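Please read the structure below before turning to the comments.
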Amino acid sequence: MNTSCKPNTELSRCIWNSASPIGKGDLTRGLLPFFSKNYKNDIKIRRGTRKDRAVVSMSKNHVETEVSEKSDGLTYKEAGVDIDAGSELVKRIAKMAPGIGGFGGLFPLGDSYLVAGTDGVGTKLKLAFETGIHDTIGIDLVAMSVNDIITSGAKPLFFLDYFATSRLDVDLAEKVIKGIVDGCQQSDCALLGGETAEMPDFYADGEYDLSGFAVGIVKKDSVIDGKNIEVGDVLIGLPSSGVHSNGFSLVRRVLERSGLSLKDNLPCSSLSLGEALMAPTVIYVKQVLDIISRGGVKGIAHITGGGFTDNIPRVFPKGLGALIYENSWAVPPVFKWIQEAGKIEDAEMSRTFNMGIGMVLVMKEEAALRLLGDGHAKNLVYRIGEVVSGDGVSYR
């Protein structure tokens, strides 16, 4: 989850030096409190609300909204996203809680920070309902939170889930929870508990909603915060499995326009569209923590809603930007189909989807070269760009 209002829009907030009491839940499968007596003196609380795919970049001192120009191609606006409303909410939140930002919220605990994140899977759930693929959507749920907290260098400790439905179908719920268990195993963290809510008449029959919450830990002197990033540092990209869990309001509109069904084959692929679009989000925990242990990692960006355009610059100090090398990685066929079928402009694609790179690490050049020269790692990472003077993201 991000500090931007983005596809699967998130208005995430890290709030410094303020805290609200946390009340008891009424229906929990587990609770583990972590509070210090002096937490109000040194705390960052991360909060978030979510809406599918608006892009509203937010920093400590200002809010910027990007709205794509009218064209024949599909856009978020045409997919039903109210960007202006998201921007207005961010402005109001900034007035109430100044000093916000970060992929995860940091809570001091002795010589360490607990790092927390929360997220959902957005309207990818709609495709789960249509395809009947329920056993991997839980992996997506875990991935969206643990991938956020590892950007600080934190190792995930535990995960909590929320599953809500109008009428509890035990067999279906079991499939969803199995995916969550699988995601926790991939993340090497515990499924500590969660909430199952049965709310008659609230959801359509057979449908449900999900959200998740992850907490990790990192030593204070090992936090990765991007402060030491400088011109010449290398951008290393870790490949995605496809769309992951962002942009599905636009994806569904593209599917509708194309006239194809989820059972039809994805062009230039042996997979059906449903299989390609439902590919679970990659969980980068073990790979990223291994790379961090080798040294030289200065910043990490989880590429979710907002794509490269919004997410990479967020880890940079002021005055620095990203130069992306075009054609430096393999773009999965699903993105080519989305762009062609929806007649979507390049800029819209780049600020909507991950385009085949789900995580970007900013590294010292010598450390990046060692990583790229590692025979085991060379097929799992790409050198996709460099840090330059300026701001934003440019392509060459």
Side-chain angles (χ1 to χ4, degrees), residues 1 7-10 50-53 79-81 118-147 159-187 191 194-199 202-213 240-256 258 260-266 269 271-283 304-305 332 334-335 337-338 352-354 358:
M1 195 180 213
N8 281 349
T9 296
E10 301 160 352
R50 181 181 187 88
K51 184 177 179 182
D52 200 275
R53 286 314 283 179
V81 175
T118 183
D119 213 332
V121 295
T123 57
K124 188 172 186 176
L125 284 173
K126 287 283 190 181
L127 270 66
F129 305 150
E130 293 179 34
T131 61
I133 300 174
H134 300 285
D135 57 348
T136 57
I137 199 72
I139 297 174
D140 292 302
L141 184 67
V142 175
M144 295 304 290
S145 288
V146 296
N147 285 346
F159 185 82
L160 300 166
D161 71 89
Y162 175 81
F163 178 94
T165 186
S166 285
R167 183 182 62 81
L168 183 60
D169 180 331
V170 176
D171 292 336
L172 186 152
E174 182 182 23
K175 292 178 181 179
V176 175
I177 300 301
K178 180 185 180 299
I180 295 173
V181 171
D182 290 346
C184 287
Q185 291 174 343
Q186 291 182 38
S187 307
L191 176 57
E195 161 85 354
T196 300
E198 191 168 23
M199 301 185 291
F202 199 81
Y203 298 97
D205 188 44
E207 296 190 356
Y208 55 87
D209 199 7
L210 293 173
S211 59
F213 318 86
S240 71
S241 60
V243 182
H244 282 182
S245 300
N246 294 94
F248 278 89
S249 286
L250 184 54
V251 167
R252 291 184 299 111
R253 187 59 61 87
V254 170
L255 185 64
E256 180 183 344
S258 73
L260 299 177
S261 78
L262 292 169
K263 295 180 180 179
D264 289 321
N265 274 1
L266 172 68
S269 171
L271 299 175
S272 69
L273 281 168
E275 290 170 333
L277 292 169
M278 286 299 295
T281 305
V282 175
I283 292 177
T304 55
V334 67
F335 294 113
W337 172 79
I338 290 170
T352 304
F353 302 108
N354 65 63

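Nothing here was measured: the structure is a model prediction, and the numbers come from that model.
- Side-chain contact check for Ser187 versus Phe159: every heavy-atom pair is 4.5 Å or farther apart.
- The two residues Ile139 and Pro280 have their closest heavy-atom pair at CG2-CB, 3.9 Å.
- In this structure, the side chain of Ser272 does not engage the main chain of Asn265 through any donor-acceptor pair within 3.5 Å.
- With hydrogens and angles disregarded, a donor-acceptor distance shorter than 3.5 Å links the side chain of Asn354 to the backbone of Gly242.
- Nearest heavy atom pair, residue Gly212 against residue Leu141, reads N-CD1, 3.5 Å.
- With a 4.5 Å cut-off on side-chain heavy atoms, Tyr162 and Leu210 do not count as touching.
- Nearest approach of Val243 to Asn246, heavy atoms of both residues: CG1-O, 3.2 Å.
- Note: Ile133 CD1 to Met278 CE = 5.0 Å, rounded to the nearest 0.5 Å.
- With values rounded to the nearest 0.5 angstrom, Ile177 atom CD1 is found 10.0 Å from Leu172 atom CG.
- Counting heavy atoms from C-beta on, the side chains of Thr123 and Val251 never come closer than 4.5 Å.
- Under the 30°/60° scheme for interplanar angles, the aromatic rings of Phe129 and Tyr208 are found to stand perpendicular.
- When atom types are taken as modelled, the side chain of Thr165 and the backbone of Met199 share no donor-acceptor pair closer than 3.5 angstrom.
- Looking at heavy atoms from C-beta onward, Phe248 lies out of side-chain contact with Val121 at the 4.5 angstrom threshold.
- A heavy-atom distance below 4.5 Å is found between the side chains of Trp337 and Leu255.
- In plain terms, the two heavy atoms of Leu125 and Ile137 that are nearest each other are CD2-CG1, 3.8 Å.
- A distance-only check finds a donor-acceptor pair linking the side chain of Asn147 to the backbone of Val282 [under 3.5 Å].
- If you take CD1 on Ile283 and OG on Ser241, they are separated by 10.0 Å, rounding to the nearest 0.5 Å.
- Between Asp264 and the choices Leu262, Leu260, Leu266, the side chain to side chain contact (heavy atoms under 4.5 Å, CB included) rule is met once, by Leu260.
- Considering all non-hydrogen atoms of both residues, His244 and Asp140 come closest at O-OD1, 4.3 Å.
- To the nearest 0.5 Å, atoms OG (Ser240) and CZ (Phe353) are separated by 11.5 Å.
- For Asp171, the salt bridge (Lys or Arg N to Asp or Glu O under 4.0 Å) test picks out no residue, with sequence neighbours left out.
- Taken from NZ in Lys124 to OG1 in Thr136, the straight-line distance is 6.5 Å, to the nearest 0.5 Å.
- Panel note: side chain Ser166, backbone Tyr203; a donor-acceptor pair is recorded below 3.5 Å.
- To the nearest 0.5 Å, the span separating CD1 on Ile180 from CG on Asp161 amounts to 4.0 Å.
- When every heavy atom of Gly120 is checked against every heavy atom of Met144, the shortest pair comes out as O-CG, 3.7 Å.
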